[in-house]
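Everything on this sheet refers to the single structure shown next.
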Amino acid sequence: MPHAGTEAGGKERKSQGGLRLIFADSVLRTALIGSAIAISAGVIDNVAAPFRFVEQLGASDSGYGLYLTLWGAGALAGAQLVPRIRLLPQTILALGNLLGGAGIAGIGLAPNLGLAFVASALGGIGNGFLNVSQNALISGRTPQAQHGRAFAASGALIQTAIGVGTAAASPLVALLHADGAMITAGALTCVISAIALAMTRRAEEPADEMINPDLGDLSGRASGRINPPNQG
């Protein structure tokens, strides 16, 4: 299949809608669907975290605020690290979900606030990886004139996944308590990410490019926008 950035690929898909544009590319389709499912599992953290930190680990209001700050700082650091990692965007996307899942599970497993805060920073780094690599992957594998449609479709896909995960979160927290829900959510996120990575690598084309660390930005297939963290 022609690359989206080539003239042939652009003409082939210039009239397609956003979802059709994404689904027409096997790498994009596999990576984004896998990421959406992983995010759906991981977003359970948003519901469980207040109960985990405040009720189970005894965090004060400022302690819970520190958790949010560490997650955000980790996401910012992760976003800055992505251009320096010599991996394909789809690989970094799966790695980001893996780190996010590990961070969520780590919060659930942590015996004290200190270790929970460390896990929070780790999860945030994964969130930063996810945000940058996802946008890079979309912009690099779709025609420039169709970026608006592609990003809108991917946003709708992710928001749907977040809605599904949030709806499932409350009964899961009630059933497993906050720590069990976070361990389960984190483990599911990691497993789904690993499966998505394996499937995406099978769909990769030989000419897929890596992020160029010498440019300090995303180039070629890896050029894209940076969004603020949207998880945790």
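What you see below is based on every heavy atom in this structure, not just the backbone, and it leaves out hydrogens, waters and symmetry mates.
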Item checked: Distance-minimising heavy-atom pair for Ala75 and Asn127 -> CB-CB, 4.3 Å
Check: Where does the angle between the aromatic ring planes of Tyr67 and Trp71 fall among parallel (under 30°), tilted (30 to 60°) and perpendicular (over 60°)?
Finding: perpendicular
Check: Considering all heavy atoms of both residues, which atom of Ala38 and which atom of Thr189 are nearest to each other, and what is their separation?
Finding: O-OG1, 3.4 Å
Check: Are the side chain of Ser120 and the backbone N or O of Leu70 linked by a donor-acceptor pair below 3.5 Å?
Finding: no
Margin query: Nearest 0.5 Å, please: how far is OG1 in Thr200 from CZ in Arg29?
Written below: 10.0 Å
Next item on the list: Mind running side chain to side chain contact (heavy atoms under 4.5 Å, CB included) on Ser62 and Leu66 for me, showing each step along the way?
Entry: CA-CA 6 Å; Ser62 60; Leu66 179 58; over 6 Å; no
Check: Crowded around Arg201 CZ? As in, over 12 foreign heavy atoms under 6.0 Å?
Finding: no
Notebook entry, point to check: Which hydrophobic side chains are connected to Val191, either touching it within the sub-4.5 Å cutoff or through other members that do?
Noted result: Ile195, Met199
Next item on the list: Using atom types as modelled and distance alone, determine if a side-chain donor or acceptor of Asn135 lies under 3.5 Å from a backbone N or O of Asn131.
Entry: yes
Check: Looking only at atom types and distance, does a side-chain atom of Ser133 sit under 3.5 Å from a main-chain N or O of Leu93, one as donor and one as acceptor?
Finding: yes
Margin query: I need the Thr160 OG1 to Ile39 CD1 distance, nearest 0.5 Å.
Written below: 11.5 Å
Notebook entry, point to check: So do the side chains of Val27 and Leu88 get within less than 4.5 Å of each other, counting heavy atoms only?
Noted result: no
Note to self: Nearest 0.5 angstrom please: Leu130 CG to Gln134 CD, how far?
What the structure shows: 5.5 Å
Notebook entry, point to check: Cluster question for you: counting only ILVMFWY and a side-chain heavy-atom cut-off of under 4.5 Å, with indirect links fine, are Leu57 and Val54 together?
Noted result: yes
Check: Transitive ILVMFWY cluster of Leu98 at side-chain heavy atoms under 4.5 Å: who else is in it?
Finding: none
Notebook entry, point to check: Does OH in Tyr64 sit with more than 12 non-hydrogen atoms of other residues, nucleotides or ligands closer than 6.0 Å?
Noted result: yes
Report all side-chain donor-acceptor pairs from residues 104-119 shorter than 3.5 Å, counting only partners two or more places apart or in another chain.
| residue | atom | partner | partner atom | Å |
| --- | --- | --- | --- | --- |
| Asn112 | OD1 | Gly114 | N | 3.2 |
| Asn112 | OD1 | Leu115 | N | 2.9 |

N/O donor-acceptor pairs under 3.5 Å from side chains in residues 150-157, not counting sequence neighbours:
| residue | atom | partner | partner atom | Å |
| --- | --- | --- | --- | --- |
| Ser154 | OG | Ala150 | O | 3.4 |
| Ser154 | OG | Phe151 | O | 2.9 |

Check: Which atom pair, heavy atoms only, marks the closest approach of Ile192 to Gly34?
Finding: CG2-O, 3.6 Å
Notebook entry, point to check: By side-chain hydrogen bond (donor to acceptor under 3.5 Å, both in side chains), which residues pair with Ser35, not counting sequence neighbours?
Noted result: Asn97
Notebook entry, point to check: Do Leu99 and Leu197 belong together in a cluster built from hydrophobic side chains that touch within less than 4.5 Å?
Noted result: no
Checklist line | Contact summary for Asp25 and Leu28, nearest pair of heavy atoms | finding: OD1-N, 2.9 Å
Notebook entry, point to check: Is the shortest heavy-atom distance from the side chain of His147 to the side chain of Ile138 under 4.5 Å?
Noted result: no
Item checked: Spatial distance of atom CD (Gln90) from atom CG (Leu32) [nearest 0.5 Å] -> 10.0 Å
Next item on the list: Can you see which heavy atom on Asn46 is nearest to which on Pro50, and at what distance?
Entry: O-CD, 3.7 Å
Checklist line | Polar side-chain atom of Ser40 near backbone of Ala161 as donor-acceptor pair, under 3.5 Å | finding: yes
Note to self: Quick one: does any side-chain atom of Arg202 pair with a main-chain N or O of Ala198 as donor and acceptor, under 3.5 Å?
What the structure shows: no
For residues 165-185, please give each side-chain donor-acceptor pair under 3.5 Å, one per line with the distance, not counting sequence neighbours.
| residue | atom | partner | partner atom | Å |
| --- | --- | --- | --- | --- |
| Thr166 | OG1 | Ile162 | O | 2.8 |
| Asp179 | OD1 | Gln56 | NE2 | 3.4 |
| Thr184 | OG1 | Gly180 | O | 2.8 |

Next item on the list: Check the hydrophobic clustering (I, L, V, M, F, W, Y; side-chain heavy atoms under 4.5 Å; chains of links allowed) and say if Leu122 and Val82 are grouped together.
Entry: yes
